[in-house]
Structure formats: structure tokens, C-alpha cells
Amino acid sequence: MITHSAPAKDIAKQVAENISQIRGRISEAAKRAGRNPDDITLMAVTKTQPPEKIIAAYEAGIRAFGENRVQEFAAKREQLSDLPDATFALIGQLQSNKVNKAVELFSAIHSVDSLRLAERINAAVERSGREPLPVAIEINTGDPVKAGLAPDSPELEQLLSSAPRLLHLRIEGLMTIPPFTEDSEGARPYFRRLRELRDSIATRPLSGTSMDLLSMGMSHDFEVAIEEGSTCVRIGTAIFGERQK
Ligand SMILES: *Cc1c(COP(=O)(O)O)cnc(C)c1O
């Protein structure tokens, strides 16, 4: 169909349409699994996307956003200052020299992949004087060369047992990125692994942790993730189209 409206309007319309479709698919997947769709947050992943598209997603009702890089978000942040209630989580790997900046910019950090990083973030939040920062521990459920702590690693255990003294962090749960498989079903065992890990951690009395957040599922596999218990799906390309770089 050919329309004659301004291109920016077309982009906003497309983004809104994509979000509406994804919401429908989230509902269907939740129903299949006997779950309440309201228990699943749709996080829009905005890496490489310009502020206009992020604003379009906000106008279509998105309040949870995920960004991968501190520098990139710092450059966009000013143009996004006018979005009340929007939260921006860091979901990409965080280098220790960018911890202060990340704490200043983000509402949450969902890519805590070492005890050392958790301690650094804790100290930065303390210095900043802000409220305890919501964080998620990134778990490597598959490929050992990728980021994240292995489910059975001593370091994960250390991090969890340190939680009560990390007073400036609020550990909300776990995040994972499964190895890529062509077929979304291929991701299921990794999602299941994360849920089982969460369930086993949740039975322990750890102050400062809630374990309600299970961040898993991306554009090509979010329905499988929801069937396996995801409470936050992180969707980039299915909302915004191919990334700009
Ligand atoms: C890019 C990214 C996503 C979104 O991926 P899509 O396939 O575009 O939906 C989700 N999570 C993380 C950690 C990412 O880096």
C-alpha cells in the first residue's frame, strides 16, 4: 500500500503495529502455558535504534527498554528525557571503567556476570547516593565462551551468598541469552535450565534477592521462553526491524 504521510509517521505506525502483534503473540503463548500475560514484561531492545523509534515504542505503550552499550545510550539519553515512567535497563556487557556512568544512566543492570562487577556496581550506587539499584545476574546456560556465570559455578554461589552485604543492589532475578539455534525449539532446554536454577535459588533464604525476574526470550524465540516461565522478553528486531549497523 502506498501512503503519502511523512516517513517518520510511517515508522511510528510500523513500530506500533509490530508491538501490537507481539503483544498478541505474548498473550497466546501465555494462554498455552496457563499463565497470565500481565506477568510478562515486553522489553523493547533499542541498541542501534534512533531516539525517534524509541519514542514511537513509548507512544505505543512500552515502558521497559533495554540498551546494550553505555556510550551509545549516553549519546541518546538527552533526547529521551521526556518519557515519564520509562525504565532503561543495561542488558549488554559492562566494563569496569564504565560502571559509574552506567549507574548514573540506567534504571537497572541486567547483565551482572561476576561477583567483582556486582561489588563495583554496589560501591558506585553507594557513592551516588541513589536508591538500591535493581539488578539481574546473567547466567550462561549454554556456550561457555559467552558472557554469564555458569549455573553450577562457585562464583555464582559466592555472588548469591554475598547478596546480603551488597546493600545497594536489589537482585531481582536471572537473565540468559541461549546459544543461537535456527529453530526456536532449540532454545527450550536453556530456558528450562534458567527457570530450574531460579526455582532452586528462590527456595533459599537470601535477603536482598527476590528472584521474580526471569529475563529470557528474544525476537525469534520469545514464545518458547514464555512457555518456560519467562517474565521479561527482550525484543529488538521484531519491533524495530533490522538493526542500523
Ligand atoms: C540485541 C539483544 C536482544 C534483542 O535481540 P532481537 O533478536 O533483536 O530481538 C535481546 N537481549 C540482548 C541481551 C541483546 O543484546
Side-chain angles (χ1 to χ4, degrees), residues 11 14-26 29 40-50 53-54 56-57 60 62-74 76 87-95 98 102 105-114 117 121 134-149 172-188 190-191 193-195 198 213-245:
I11 290 170
Q14 189 62 58
V15 164
E17 250 173 51
N18 293 344
I19 288 169
S20 159
Q21 275 186 18
I22 291 162
R23 287 204 189 285
R25 288 169 62 189
I26 289 173
I40 299 149
T41 300
L42 170 54
M43 175 185 281
V45 176
T46 53
K47 60 171 175 257
T48 80
Q49 303 296 349
K53 283 192 173 182
I54 302 174
I62 298 286
R63 291 295 177 270
F65 295 88
E67 275 277 345
N68 287 66
R69 288 160 179 270
V70 177
Q71 291 307 93
E72 184 189 332
F73 185 57
K76 293 192 275 198
T87 62
F88 291 89
L90 178 66
I91 59 171
Q93 206 153 25
L94 177 56
Q95 291 164 326
K98 300 212 171 84
L105 288 172
F106 287 98
S107 337
I109 298 178
H110 287 178
S111 44
V112 175
D113 60 0
S114 71
L117 181 61
I121 298 170
V135 300
I137 303 172
E138 183 171 354
I139 301 294
N140 186 334
T141 46
D143 189 344
V145 299
K146 293 243 177 86
L149 291 167
E172 298 197 315
L174 308 177
M175 188 270 254
T176 198
I177 308 170
F180 181 82
T181 52
E182 281 301 327
D183 179 4
S184 61
E185 276 300 321
R188 191 181 293 276
Y190 304 101
F191 294 147
R193 182 81 188 87
L194 193 73
R195 170 169 45 90
R198 190 277 308 268
L213 174 67
L214 209 47
S215 174
M216 57 189 199
M218 316 202 296
S219 291
H220 77 291
D221 56 17
F222 69 91
E223 286 146 311
V224 174
I226 289 168
E227 288 168 10
E228 294 299 329
S230 174
T231 64
C232 176
V233 292
R234 308 180 308 267
I235 312 288
T237 47
I239 293 177
F240 299 111
E242 287 305 315
R243 282 183 267 283
Q244 318 270 300
K245 313 178 198 137

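The model shown is predicted, which means the values in this text are computed figures rather than measured ones. When a ligand or atom number is given, it counts from 1 through the structure's own listing order.
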- request: Verify, without hydrogens or angle tests, whether Lys146 (side chain) and Ile177 (backbone) share a donor-acceptor contact under 3.5 angstrom.
  value: no
- line: Rounded to the nearest 0.5 Å, the NZ atom of Lys76 sits from the OG1 atom of Thr48 at a distance of 6.5 Å
- line: Ile177 heavy atoms within 4.0 Å reach ligand 1 at atoms 13 (C)
task: Among all protein heavy atoms, pick the one closest to atom 10 (C) of ligand 1 and tell me residue, atom and distance.
output: Met218 SD, 3.1 Å
task: Starting from atom 6 (P) of ligand 1, find the nearest protein heavy-atom neighbour and note its residue, name and distance.
output: Ser219 OG, 3.5 Å
field: Atom indices of ligand 1, in the order listed, that fall short of 4.0 Å to a heavy atom of Asn68
entry: 14 (C), 15 (O)
statement: Looking only at protein heavy atoms, what sits closest to atom 12 (C) of ligand 1 is Ile91 CD1, 3.6 Å
Glu72 and Lys47 ion-paired at < 4.0 Å: no
Atoms in ligand 1 flagged as close to Arg234, the criterion being non-hydrogen separation under 4.0 Å: 4 (C), 9 (O), 10 (C), 11 (N), 12 (C), 13 (C)
query: Quick check: does any side chain N or O of Ser114 sit under 3.5 Å from a backbone N or O of Leu117, one acting as donor and the other as acceptor?
result: yes
- prompt: If only atom types and distance count, is the side chain of Ser111 paired as donor or acceptor with the main-chain N or O of Gly92 below 3.5 Å?
  reply: yes
task: Would you mind reporting whether Phe191 and Pro178 have side-chain heavy atoms less than 4.5 Å apart?
output: yes
task: Test Thr87 against Arg63 for side chain to side chain contact (heavy atoms under 4.5 Å, CB included), laying out the working first.
output: CA-CA 6 Å; Thr87 62; Arg63 291 295 177 270; 5.7 Å; no
- prompt: Is ligand 1 under 4.0 Å from a heavy atom in the side chain of Thr237, in the backbone, in both, or in neither?
  reply: both
field: Gly236, any N or O under 3.5 Å of ligand 1 N or O
entry: yes
query: Relative to the heavy atoms of Ile235, which atoms of ligand 1 are at a distance of less than 4.0 Å?
result: 9 (O)
- prompt: Where is the tightest heavy-atom contact between Leu194 and Met216, given as atom of each residue plus distance?
  reply: CD2-SD, 3.7 Å
field: Whether His220 lies under 4.0 Å from ligand 1, heavy atom
entry: no
task: Starting from atom 1 (C) of ligand 1, find the nearest protein heavy-atom neighbour and note its residue, name and distance.
output: Lys47 NZ, 1.3 Å
